[in-house]
Novice: 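Following this message is one structure expressed as structure tokens.
These figures come from a predicted structure and were not determined experimentally.
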2 protein chains.
Amino acid sequence: MVRLKDIAERVGVSVMTVSRVLRESPDISEKTRARVLAAAKELGYVPDATARGLRTGKTRLWGLVVPGIDEPAGAALASSVEAKAFAEKFELFIADSRGDPEKEREAVYRILSRRVEGIVLAPAGGAETLQSVCNLVGKQPIHLAVVSAEIPDPRPGAAFVEIVFDDAMEALARRLHTLGHQRLGILKTGAWMAEPLAAAARRAAEAAGLAAREETAKEMRPEPAEIARAAERLCLREPKCSALLAVDDLAALQAGTALERQGLKVSKGVSVASCGGTVWTEFAKPALSAIRIPWREAADEAAGLLRAMLEEEAKPSLRRIRAEFIERESLGAPSTG
Amino acid sequence: MVRLKDIAERVGVSVMTVSRVLRESPDISEKTRARVLAAAKELGYVPDATARGLRTGKTRLWGLVVPGIDEPAGAALASSVEAKAFAEKFELFIADSRGDPEKEREAVYRILSRRVEGIVLAPAGGAETLQSVCNLVGKQPIHLAVVSAEIPDPRPGAAFVEIVFDDAMEALARRLHTLGHQRLGILKTGAWMAEPLAAAARRAAEAAGLAAREETAKEMRPEPAEIARAAERLCLREPKCSALLAVDDLAALQAGTALERQGLKVSKGVSVASCGGTVWTEFAKPALSAIRIPWREAADEAAGLLRAMLEEEAKPSLRRIRAEFIERESLGAPSTG
DNA sequence: TTGTAAGCGTTATCAT
DNA sequence: ATGATAACGCTTACAA
């Protein structure tokens, strides 16, 4: 590995001179600059950002911890944060908690030990387990931005980006009610934010005068057959639901397919909606995605907060971002009878 | 930030003693061990892996560079490599080249400057631009594992995981021929590995006695309307293709939808196939995914190679992984006439 | 314009 | 069983 010292010896100057040249400091004669640059190139010098960080105290490192980086939502988050990091000349650690709070804790700890300047966290657990991670990070002189639908009260010392589902869910429930639906089936999985989504759906259904039933598949990405069974329990068994809301697009896609196999026709007879908002789902099956979740906006906001906190002494803040209801073809009137 | 020194002063021992306790070295009296541990906990000590890495020369850091981390294939890769890294107690940098060889070069350089011990690269460009990145990395004392369908010849000094499409494509082409198809439309996008996939499809079509036509959308993830136009050009304009192969599932999904809107029925009349093999696409639309690309296997292999290279002095190796043809419902006989 | 000395937090090595 | 010293590669502070 080539060090400054190697270049210095080669050129016959001090290490400091080389360091200055490479950092483009002024006060360097054109002659030495050229010779140093040439030697650096010739030797294939790659600066050691690790050593620089140790000396300066600035590592230009960020960390991101998500539950499920290969889930559409997690991938959207990763993409947004990575883009910001790259543009700002930060390197980004990514760790996947896989929905496990224990793994999340370990990931955060390990990332802390790398002396990152900030962490974006998409929490795996609920508000309780989040507290403990916030405490851990709070003791370190770094910044934390949490993207979540459940904000602990009182708020720990971190920047929060809260994703709010209520307005969108209420709009959806009202729309379904207007179309003539009386009972909403909620299909929950172990996907990120599934529980807050389901809770918002329940609240909205009640407010709109819809009865609601819920079926749960615990895995983050359940077997298609399991989703099919849940969908059938909701829409084929008494009391039958004429409308189905799945907490994510892929589950909705499966559920819709399953119901059509059973002879129900989506949009006529049974309405199917889902919560989505990633490049992938928007692209693949926009018809179902009635609740658009602003994953990218949330991630951009979180990354923006980290960057902002670098400069100003930003106080722990709370930023709300709202999901929105989008009218889709998969929503229709219930079959009569 | 708490340092070993702080603990040492607190307990009244030397820094080395503290270091030893924290690294669980033997030859430490139970008494001091307990006191050091207590102080470390009390002060909220988090070790500085950066400084450790500087001193030991072992950073336990890996890097991953992909084109499109929010694409199904990129996300699958990230997930696999992250899992291996986490299990092996490595931290993982992730950078997204977004299909741009220039960005890829910068990402690799920046990751090198973090003194990672290994890099997994999913190259953005073809074999030519890959060479230059391999040269850059080759000068450093670290390991490189490349996941690609195009291996440069002669092979640069790196471990290669080659994804091979030919067998699967040939099986697909033969099947289509048997079903009575005479002309295959190939729908290419700017997705990762699109060009090698299309090339393999062309070769396979020719070998099976199918004529082939190709339409290209340059973006990695083109507008649905653009895909629809391309699909229509292939299947509605003379010489009409009775079978369509898209280089990725999402494009196929869009294409299928577009063709059905035009009155063609997928699996009767027009056959639609795609190249997939990620959790998302398998889950959402298995019907279309006739070429299963072993993304995860490839990523696991690449991560495994990195790990192996840590221990033994592994030579630059080449490992082939084959895509497989899977019979799907979306394949049927062409409409007669 | 260039050089010298010291130190960032840790561990290898040798000493006690 | 514990401590002292130096060094990893770099940059800040000061001197020449």
Side-chain angles (χ1 to χ4, degrees), chain A residues 1-37 39-40 43-61 89 91 110 112-117 140-142, chain B residues 1-37 39-40 43-61 89 91 110 112-117 140-142:
Chain A
M1 192 102 297
V2 184
R3 299 146 301 167
L4 288 184
K5 200 173 117 187
D6 301 315
I7 303 179
E9 284 172 3
R10 194 80 141 65
V11 178
V13 293
S14 80
V15 171
M16 266 318 294
T17 302
V18 178
S19 172
R20 281 191 267 250
V21 170
L22 264 22
R23 280 177 295 142
E24 304 178 27
S25 115
D27 301 344
I28 293 285
S29 80
E30 238 351 290
K31 207 177 96 189
T32 34
R33 145 171 284 115
R35 288 170 58 214
V36 166
L37 253 23
L43 296 176
Y45 174 73
V46 177
D48 187 330
T50 274
R52 170 183 303 167
L54 181 60
R55 177 62 238 240
T56 63
K58 260 80 193 66
T59 56
R60 296 201 84 78
L61 245 30
K89 306 256 181 246
E91 253 57 67
R110 281 166 51 170
L112 282 177
S113 85
R114 298 302 181 159
R115 294 297 184 264
V116 298
E117 296 185 35
Q140 312 305 127
I142 72 158
Chain B
M1 191 102 299
V2 184
R3 299 145 302 166
L4 288 183
K5 200 173 116 187
D6 301 315
I7 303 179
E9 284 171 4
R10 194 80 141 65
V11 178
V13 293
S14 81
V15 172
M16 266 319 293
T17 302
V18 178
S19 173
R20 281 192 265 250
V21 169
L22 263 24
R23 279 178 297 143
E24 305 179 25
S25 115
D27 300 343
I28 292 285
S29 80
E30 234 357 286
K31 208 176 97 189
T32 34
R33 145 171 283 113
R35 286 170 60 213
V36 167
L37 253 24
L43 295 176
Y45 173 74
V46 177
D48 187 329
T50 273
R52 191 210 305 277
L54 180 59
R55 179 60 238 239
T56 62
K58 260 81 193 66
T59 55
R60 297 201 83 80
L61 245 31
K89 307 260 182 238
E91 252 59 66
R110 281 166 50 170
L112 282 177
S113 86
R114 298 304 181 158
R115 294 296 184 265
V116 297
E117 297 184 36
Q140 310 306 126
I142 72 159

Novice: Would you please test Val13(B) and Thr32(B) for side chain to side chain contact (heavy atoms under 4.5 Å, CB included) and show each step?
Specialist: CA-CA 8 Å; Val13(B) 293; Thr32(B) 34; 4.1 Å; yes

Novice: How far does CZ of Arg60(B) sit from CZ of Arg114(A), to the nearest 0.5 angstrom?
Specialist: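 Here the interatomic distance stands at 8.5 Å.
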
Novice: Flag the pair Leu37(A) / Leu22(A) as yes when at least one side-chain heavy-atom distance between them is below 4.5 Å, and no otherwise.
Specialist: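 A side-chain contact under 4.5 Å exists here.
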
Novice: Nearest 0.5 Å please: distance from the OG1 atom of Thr17(B) over to the CG atom of Leu4(B).
Specialist: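 Those atoms lie 10.5 Å apart.
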
Novice: Look up atom CD in Gln140(A) and atom OG in Ser113(A), then write down how far apart they are to the nearest 0.5 Å.
Specialist: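 Atom-to-atom, Gln140(A):CD and Ser113(A):OG are 10.0 Å apart.
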
Novice: Please determine whether side chain to side chain contact (heavy atoms under 4.5 Å, CB included) holds for the pair Arg110(A) and Lys89(B), giving the CA-CA distance in whole Å, both sets of side-chain angles, and the decisive distance to 0.1 Å.
Specialist: CA-CA 9 Å; Arg110(A) 281 166 51 170; Lys89(B) 307 260 182 238; 4.2 Å; yes

Novice: Among residues 27-35 of chain A, which ones have heavy-atom contacts with DNA chain C below 4.0 Å?
Specialist: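 Those residues whose heavy atoms fall under 4.0 Å from DNA chain C, taken from residues 27-35 of chain A in numerical order, are Asp27(A), Ile28(A), Ser29(A), Thr32(A).
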
Novice: Produce a footprint string for nucleotides 8-16 of chain C: one letter per nucleotide, 5' end first; B if the base is under 4.0 Å from any protein heavy atom, S if only the sugar-phosphate is, - if neither.
Specialist: BBBBB----

Novice: Quick check for you: name the first and last nucleotides of DNA chain D, 5' to 3', having an atom under 4.0 Å from a heavy atom of chain A.
Specialist: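 Result: dG9(D) to dT12(D).
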
Novice: Is it the case that the side chain of Ser19(B) and the backbone of Val15(B) share a donor-acceptor pair, with hydrogens and angles ignored and the cut-off at 3.5 Å?
Specialist: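 Looks like no, no N/O pair under 3.5 Å.
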
Novice: Let's go through Val46(B) and Arg115(A) carefully: what are the C-alpha distance in whole Å and the side-chain angles of both, what is the deciding distance for side chain to side chain contact (heavy atoms under 4.5 Å, CB included) to 0.1 Å, and is it a yes or a no?
Specialist: CA-CA 9 Å; Val46(B) 177; Arg115(A) 294 297 184 264; 3.9 Å; yes

Novice: Does a side-chain N-to-carboxylate-O contact under 4.0 Å join Asp48(A) and Arg3(A)?
Specialist: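 Arg3(A) and Asp48(A): not salt-bridged.
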
Novice: Check step by step if side chain to side chain contact (heavy atoms under 4.5 Å, CB included) holds for Val21(B) and Ile7(B).
Specialist: CA-CA 11 Å; Val21(B) 169; Ile7(B) 303 179; over 6 Å; no

